[in-house]
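In this chain, residues are counted from 1 in sequence order.
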Amino acid sequence: MEKLLIAISFGLFLIIIYLVFRTTTLISLISKGEIKENIDSSNQLNAVMMIVFLVGGMGLIFWYSNRASEHFLPESASVHGDWIDQLFWITMYITGFVFVITQGLLFYFSYRYRYRPGRKAFFYPYNNKLEITWTIVPTITFIVMFIAGLSSWNKITSKAPDNAVVIEIVGQQFNWNVRYPGEDGTLGEHDYKLIDAVNNLGLDFTDRASFDDFTALQLHIPKGKPVLLKIRAKDVIHSVYIPHFRLKMDAVPGMMTRFHFVAKYSTQEMRQKLGNPDFNFEMACAEVCGRGHFAMRFIVVVEEEEDFNEWYKNQESWLSKNPEYLSVVPDELKELAKKKAKGDEESTPGSTASLLENIYF
């Protein structure tokens with residue numbers, strides 16, 4: 001099918017080149033006053049082909065749109081995704097309607113007003129009412145669409161609700177790093193000057209908020225609760241892209257971008273909706289960031305809130321996994337760092353943090 005479409009496209013390209021050549025020749029004859037009243041049969045043929053091209057082209061558009069619909073994204077799995085989808089389809093309906101009307105008239109008029117002996121063109125230089133109408137109507141339409149889009153954008157990028165789960169996402173060639181703030185709910189500071197082979201996020205352990213921060217190999221988020229993503233990059237521009245949430249935000253070196261959203265369906269519910277027991281939400285990079293760009297695939301796990309809380313509680317802090325970095329903690333904060341890194345007050349008996357208590361400190 002792709003080869004056929006390529007062949008059709010190439011054929012249409014040759015036809016366009018031929019018509020441009022014919023048009024140029026006609027203009028040259030007119031400018032030299034050499035145009036003749038005796039027009040050959042190609043004029044009638046070209047006029048008929050306009051209608052054939054119109055009907056055939058429109059038919060192919062609707063046929064291929066219907067055929068490709070099986071590859072469209074499924075229902076949005078986030079609340080704001082419903083707004084995005086609604087805006088997308090409203091835009092498609094408006095622009096599609098205008099496209100069909102304008103292209104239909106363009107090709108029909110080319111046929112209807114083809115050259116005929118003895119008929120002269122009507123000189124119609126301007127019409128103020130018509131000019132005002134086709135200026136104001138599209139302007140108002142675009143303004144309404146722009147305001148609707150801006151409103152959705154502002155909701156997504158405005159201040160997140162106070163109860164939002166904060167997660168930091170850091171892009172680098174060629175993987176994602178995910179950091180959670182631990183029990184205190186606050187992400188610790190970071191500094192690119194502190195990045196080394198182990199501390200690849202540049203965590204700053206002079207900030208007490210960083211003591212209980214932890215990293216994860218999958219992005220876990222709760223269903224039905226606001227999630228705030230704080231996004232940055234270490235090297236080049238990346239782009240956080242989770243298509244099932246209609247989520248896309250650039251990760252830019254040297255600055256923090258943000259995006260907050262609410263997931264509607266858990267991974268398990270989405271598997272049932274799609275009838276695919278192997279389905280997983282995925283985060284990809286939507287910016288061509290280098291040769292290994294394709295490898296930036298990251299699994300996103302959406303869980304019921306109680307399951308998420310249980311997973312969250314059992315995570316080990318980065319500092320407890322890398323106790324040698326206790327040496328960079330200021331002396332007056334070392335005791336606090338030990339307690340927070342181990343989750344002394346909040347850890348449950350039997351948790352990994354508790355088991356490591358006498359190992360690391």
[Y] and [X], any side-chain heavy atoms less than 4.5 Å apart:
X    : Y    : value
M283 : M296 : no
F261 : I221 : yes
I143 : T139 : yes
E168 : Y180 : no
H244 : E75  : no
R179 : V170 : no
L45  : N43  : no
K273 : R271 : no

Are any side-chain N or O atoms of [X] and backbone N or O atoms of [Y], one a donor and one an acceptor, separated by less than 3.5 Å?
X    : Y    : value
H238 : C289 : no
N46  : S42  : yes
Q315 : Y312 : no
R297 : F294 : no
D191 : G202 : no
D207 : E189 : yes
H260 : S158 : yes
S151 : I147 : no
N314 : E310 : yes
D235 : Q173 : yes

With no hydrogens and no angle check, do the side chains of [X] and [Y] hold a donor and an acceptor under 3.5 Å apart?
X    : Y    : result
D196 : Y325 : yes
N199 : N322 : no
E131 : W134 : yes
T206 : D204 : yes
S239 : D250 : yes

Counting heavy atoms not belonging to [X], are there more than 12 under 6.0 Å from its [atom1]?
X   : atom1 : answer
Q86 : CD    : no
M49 : CE    : no
F10 : CZ    : no
F53 : CZ    : no
R67 : CZ    : no

Practice task
Tell me, with the steps shown, if F298 and V178 meet side chain to side chain contact (heavy atoms under 4.5 Å, CB included).
Solution key: CA-CA 10 Å; F298 206 81; V178 173; 3.5 Å; yes
Do you know which two heavy atoms are closest between [X] and [Y], and how far apart they sit?
X    : Y    : result
S76  : R246 : N-NH2, 3.5 Å
G188 : D213 : N-OD2, 2.8 Å
T102 : F99  : OG1-O, 3.2 Å
P222 : A263 : O-CB, 4.3 Å
F214 : E316 : CB-O, 3.0 Å
F245 : V300 : CE1-CG1, 4.1 Å

Any link between [X] and [Y] through a network of hydrophobic side chains (Ile, Leu, Val, Met, Phe, Trp, Tyr) touching at under 4.5 Å?
X    : Y    : answer
I195 : L319 : no
L247 : Y265 : yes
L12  : W63  : yes
I101 : Y108 : yes
I242 : I237 : no

Exercise for the section: Check E269, E306, E303 against K223 for a salt bridge (Lys or Arg N to Asp or Glu O under 4.0 Å) and give me the one that passes. Expected result: E269
Handout entry: Validation row, ring centre H80 to ring centre F259 under 6.0 Å
Key = yes
Practice task
Indicate, with yes or no, if the rings of F62 and Y64 have centres closer together than 6.0 Å.
Solution key: no
Handout entry: Name of the residue among V240, V302, I167 meeting side chain to side chain contact (heavy atoms under 4.5 Å, CB included) with L219
Key =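 The single option meeting the side chain to side chain contact (heavy atoms under 4.5 Å, CB included) with L219 is I167.
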Exercise for the section: Would you verify whether the NZ or CZ of K225 falls within 45 degrees of the ring axis of F308 while also being under 6.0 Å from that six-membered ring's centre? Expected result: no
Exercise for the section: Taking the six-membered ring of Y111 (Phe, Tyr or Trp), confirm whether the NZ or CZ of R114 is under 6.0 Å from its centre and within 45° of its axis. Expected result: yes
Practice task
Apply the test side chain to side chain contact (heavy atoms under 4.5 Å, CB included) to residues R232 and T257: give CA-CA distance (whole Å), side-chain angles for both, the deciding distance (0.1 Å), then the verdict.
Solution key: CA-CA 7 Å; R232 61 187 175 96; T257 56; over 6 Å; no
Practice task
Could you go through the ring-ring contact (aromatic ring centres under 6.0 Å, His included) check for F146 and F142 one step at a time?
Solution key: CA-CA 6 Å; F146 172 78; F142 284 127; over 10 Å; no
Handout entry: Atom pair CE/CG of M145 and L150 - distance to nearest 0.5 Å
Key =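 With rounding to 0.5 Å, CE (M145) is 13.5 Å from CG (L150).
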Practice task
Please state whether the rings of F21 and Y18 are parallel, tilted or perpendicular, taking 30° and 60° as the class boundaries.
Solution key: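 If you compare the ring of F21 with that of Y18, the planes turn out tilted.
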